[in-house]
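Notes follow the structure.
Predicted, not measured: the structure shown is a model, and the values here were computed from it. Lettering follows sequence order; numbering is per chain, from 1. Just the heavy atoms: all of them, side chains too, but no hydrogens, waters or symmetry mates, feed the values below.
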2 protein chains.
Amino acid sequence: MPHAHEMPIETRLRHSGLRPTRQRVALADLLFAKGDRHLTVEELHEEAVTAGVPVSLATVYNTLHQFTEAGLIRVLAVESSKTYFDTNVSDHHHFFVEGENRVLDIPVSNIAIDNLPEPPEGMEIANVDVIIRLRPCRKD
Amino acid sequence: MPHAHEMPIETRLRHSGLRPTRQRVALADLLFAKGDRHLTVEELHEEAVTAGVPVSLATVYNTLHQFTEAGLIRVLAVESSKTYFDTNVSDHHHFFVEGENRVLDIPVSNIAIDNLPEPPEGMEIANVDVIIRLRPCRKD
DNA sequence: CTGTGTGCAAACTCTTTGCATAAGT
DNA sequence: ACTTATGCAAAGAGTTTGCACACAG
């Protein structure tokens with residue numbers, strides 16, 4: 001189920017220094033209304049237009065980057081052509097369905113990584129991404 | 001040290017159905033001569049030109065994809081703008097230095113992943129990628 | 001009103017493609 | 001000779017940017 005948010009979107013935006021404009025509120029609604037999502041800019045833009053919010057593509061790009069900097073969403077590096085944005089910023093990992101280019105959450109409790117290696121001198125770990133790539137089973 | 005290869009590059013290419021042309025041999029030499037590497041197309045192209053092999057950018061793209069299909073190298077999805085190629089196709093994971101955009105190998109023996117989740121019905125795991133993103137330590 | 005945000009179109013980066021020329025076998 | 005590869009330039013996808021107009025406070 002979609003997890004309840006602490007405060008209304010307007011307030012969350014304001015706290016991030018973002019004025020709650022029509023477009024930003026509409027995009028945030030689409031992003032956060034239906035639970036955790038994994039979207040490309042193109043997909044969100046299409047949803048917005050379909051939903052009767054004729055936002056421009058450039059604004060979707062800008063907005064998603066602003067949301068990312070504000071920590072409301074995060075970027076996923078699953079394949080090197082499109083950028084995917086994840087509305088779940090908590091610690092978790094992903095399945096990626098090859099061919100379909102679909103991203104699925106893996107609940108963090110399911111994975112344990114042991115023996116995390118020492119980062120090189122002068123570096124610290126910013127974050128650990130695990131991507132499990134899936135393909136259809138071959139039936140033998 | 002660079003690990004010894006089983007057969008000369010010419011032969012490896014031929015076994016993959018690739019004619020050992022000047023450009024392909026030169027690129028393979030650059031890729032495999034100095035141990036495991038993580039390169040973008042641009043970087044390899046520049047190396048080749050510097051080394052006196054005036055190969056075109058398009059050919060580097062084509063060649064790296066052919067090598068990838070042949071299983072000689074593999075693609076890394078570390079960030080969604082450039083494609084990185086890894087000359088080490090064995091099972092291992094990566095550090096990614098943010099800011100510098102540098103990729104480093106993590107010896108596989110250092111990481112153990114427990115409780116790999118069940119893939120969804122009809123899917124099987126093709127491969128597991130772990131990317132540990134690094135940033136400079138903050139000195140407090 | 002004043003300062004931000006938005007939309008559009010143009011620019012930019014990375015990558016792929018088509019076709020004539022060159023190289024491999 | 002015959003086939004495949006290469007190079008160039010043009011096209012294509014995704015993304016960013018500059019500037020005039022519109023909106024929020």
Side-chain angles (χ1 to χ4, degrees), chain A residues 8-30 38-49 51-70 72-73 75-85 101 103, chain B residues 8-30 38-49 51-70 72-73 75-85 101 103:
Chain A
I9 282 162
E10 274 221 1
T11 313
R12 299 180 74 198
L13 292 178
R14 232 184 275 278
H15 284 200
S16 308
L18 298 172
R19 296 214 298 222
T21 63
R22 260 174 229 143
Q23 291 85 337
R24 296 211 268 235
V25 172
L27 294 177
D29 278 340
L30 290 170
H38 308 93
L39 292 166
T40 63
V41 169
E42 203 71 53
E43 287 165 357
L44 183 59
H45 179 245
E46 190 158 331
E47 276 195 21
V49 172
V53 185
V55 67
S56 79
L57 196 54
T59 297
V60 179
Y61 274 102
N62 291 337
T63 302
L64 288 180
H65 286 146
Q66 291 155 355
F67 286 7
T68 301
E69 281 188 30
L72 301 173
I73 60 179
V75 171
L76 293 183
V78 282
E79 57 139 10
S80 30
S81 59
K82 290 183 187 176
T83 301
Y84 284 78
F85 292 87
N101 290 7
V103 179
Chain B
I9 282 162
E10 275 220 359
T11 312
R12 300 179 74 195
L13 292 178
R14 232 183 276 276
H15 283 198
S16 309
L18 298 172
R19 296 211 300 220
T21 63
R22 260 175 230 142
Q23 291 86 338
R24 296 212 267 235
V25 172
L27 293 176
D29 278 340
L30 289 170
H38 310 93
L39 292 167
T40 62
V41 169
E42 204 69 55
E43 287 166 356
L44 183 58
H45 179 245
E46 189 158 330
E47 275 196 18
V49 171
V53 186
V55 68
S56 78
L57 196 54
T59 296
V60 179
Y61 274 102
N62 291 338
T63 302
L64 288 181
H65 287 144
Q66 292 155 353
F67 285 6
T68 301
E69 281 189 29
L72 301 174
I73 60 180
V75 170
L76 293 183
V78 282
E79 56 138 10
S80 30
S81 59
K82 290 184 186 172
T83 301
Y84 283 77
F85 292 89
N101 290 8
V103 178

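Qualifying ring-ring contact (aromatic ring centres under 6.0 Å, His included) partners for His38(A), counting only residues two or more places apart in sequence or in other chains: His94(A). Judged as a side-chain hydrogen bond (donor to acceptor under 3.5 Å, both in side chains), and not counting sequence neighbours, the contacts of Glu10(B) are Arg14(B). Legend: residues meeting side-chain contact (heavy atoms from CB on, under 4.5 Å) with Thr21(A), ordered by chain and number and at least two apart, are Arg19(A), Gln23(A), Arg24(A). Applying the side-chain hydrogen bond (donor to acceptor under 3.5 Å, both in side chains) criterion to Arg22(B), with sequence neighbours excluded, gives no partner residue. Listed by chain and residue number, nothing satisfies the side-chain hydrogen bond (donor to acceptor under 3.5 Å, both in side chains) test with Thr68(A) (two or more places apart in sequence, or in another chain). Glu46(B) is linked by a side-chain contact (heavy atoms from CB on, under 4.5 Å) to Thr50(B), counting only residues two or more places apart in sequence or in another chain. Taking the side-chain hydrogen bond (donor to acceptor under 3.5 Å, both in side chains) definition, one finds that Thr63(B) meets it with nothing, sequence neighbours left out. Not counting sequence neighbours, the partners of Thr11(A) by the side-chain contact (heavy atoms from CB on, under 4.5 Å) test are Met7(A), Pro8(A), His15(A).
Atom CG of Leu27(A) is separated from atom C1' of dG7(C) by 14 Å (rounded to the nearest Å).
Summary for the helix from dC1(C)-dG25(D) to dT25(C)-dA1(D): the axes at its two ends, each from 5 pairs, differ by 30° when rounded to the nearest 10 degrees.
The footprint of chain B on DNA chain D, defined by a heavy-atom cutoff below 4.0 Å, extends from dT3(D) to dC8(D).
In this structure, Val60(B) and Glu10(A) both approach DNA chain D, and ranking their closest nucleotides by distance from the 5' end singles out Val60(B).
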Tell me, for nucleotides 17-25 of chain C in 5' to 3' order, what letter each nucleotide earns: B for a base near a protein heavy atom under 4.0 Å, S for only sugar-phosphate near one, - for neither?
B-----BSS
Can you list, pair by pair, the side-chain donor-acceptor contacts under 3.5 Å of residues 51-61 of chain B, counting residues two or more places apart and other chains?
| from | atom 1 | to | atom 2 | distance (Å) |
| --- | --- | --- | --- | --- |
| Ser56(B) | OG | Thr59(B) | N | 3.2 |
| Ser56(B) | OG | Thr59(B) | OG1 | 3.1 |

Would Glu79(A) and Ser81(A) count as a side chain to side chain donor-acceptor pair (under 3.5 Å) if you check the C-alpha gap in whole Å, the side-chain angles of each, and the deciding distance to 0.1 Å?
CA-CA 6 Å; Glu79(A) 57 139 10; Ser81(A) 59; 3.0 Å; yes
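Using a 4.0 Å heavy-atom cutoff across all strands shown, His65(B) reaches sugar-phosphate atoms only and no base atom.
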